[in-house]
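Below is one structure, written out as structure tokens; comments come after it.
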Amino acid sequence: MLTDFHHFKGNSLSRSEKIQRIVTEMILTSKLPDEKRENSIIWELKHHAGTVQIGRILAQKRNLDTELAEIICVLHDIYAIVEGKYNNHAKLGAGIAKKILKNSKDFTQQEIATITEAISHHSEKDVYTDKPYVELAKDADVFECSLYQGAEGFYRLHKPEPVFKEYVKRIKKVRKELGLAQDNIFRG
Ligand SMILES: [Fe+2]
């Protein structure tokens with residue numbers, strides 16, 4: 001029998017949903033105000049949830065494990081969520097993610113290794129590997145960001161030209177995969 005969706009309340013959350021709840025609560029209860037962040041609380045709320053949804057879509061397209069994809073995506077910027085900074089956030093975030101996953105006691109060592117590897121390398125957008133979850137993390141992150149108003153201007157201002165070009169290349173790759181137009185790849 002079908003039961004009502006829990007809306008992330010109660011005792012019936014899956015292991016993935018528990019991790020998603022933990023991350024969202026970390027954002028909501030953060031003591032670090034926007035003034036002391038490179039990001040904002042609202043941005044992290046929107047981007048972590050948006051990236052999870054993109055990750056689910058890409059996992060379906062690529063026949064990957066949706067659960068692993070959503071956990072990677074929800075944790076990918078965990079260092080920036082906690083510390084409000086992006087310098088080396090991928091590598092540093094992998095350590096925080098490992099602790100969260102270990103504390104949950106819901107994941108095998110192999111699963112934790114796959115998840116933390118993807119988080120650790122997600123900033124290397126210019127590198128293409130044969131590791132499906134590493135690529136999914138990069139693709140979900142950059143494509144999600146491209147959908148926001150002003151994303152192109154932000155990237156052009158804050159990223160060196162070669163890095164910007166790599167972002168464009170990756171966004172186009174994802175858009176092609178999803179059957180989306182190759183021009184006007186940023187929201188105006
Ligand atoms: Fe991100």
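First listed ligand is number 1; within each ligand, the first listed atom is number 1.
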All heavy atoms of I41 vs all of I27, minimum pair found to be O-CG2, 3.7 Å
Using residues 70-78 as the side-chain source, report each donor-acceptor pair under 3.5 Å to any protein atom, sequence neighbours left out, with the distance given to one decimal.
| residue | atom | partner | partner atom | Å |
| --- | --- | --- | --- | --- |
| E70 | OE1 | R56 | NE | 2.6 |
| E70 | OE1 | R56 | NH2 | 3.1 |
| E70 | OE2 | S16 | OG | 2.8 |
| H76 | ND1 | C73 | O | 2.8 |
| H76 | NE2 | H47 | NE2 | 3.2 |
| H76 | NE2 | D141 | OD1 | 3.2 |
| D77 | OD1 | H89 | NE2 | 3.0 |
| D77 | OD1 | H122 | NE2 | 3.3 |
| D77 | OD2 | H47 | NE2 | 3.3 |

Is it true that, when you exclude N87 itself, more than 12 heavy atoms of the residues, nucleotides or ligands shown sit nearer than 6.0 Å to its CG?
no
Total protein N/O/S atoms whose distance from the Fe ion (ligand 1) is less than 2.8 Å
4
Closest heavy-atom pair, K138 versus T129, reported as atoms and distance to 0.1 Å, is NZ-CG2, 4.1 Å
Could you pull out all donor-acceptor pairs under 3.5 Å where a side-chain atom in residues 91-102 meets a protein atom, sequence neighbours excluded?
| residue | atom | partner | partner atom | Å |
| --- | --- | --- | --- | --- |
| K91 | NZ | S120 | O | 3.0 |
| K91 | NZ | E124 | OE2 | 3.2 |

Taking only residues at least two apart or on different chains, which pairs with a member in residues 175-188 satisfy side chain to side chain donor-acceptor pair (under 3.5 Å)?
R62-E177
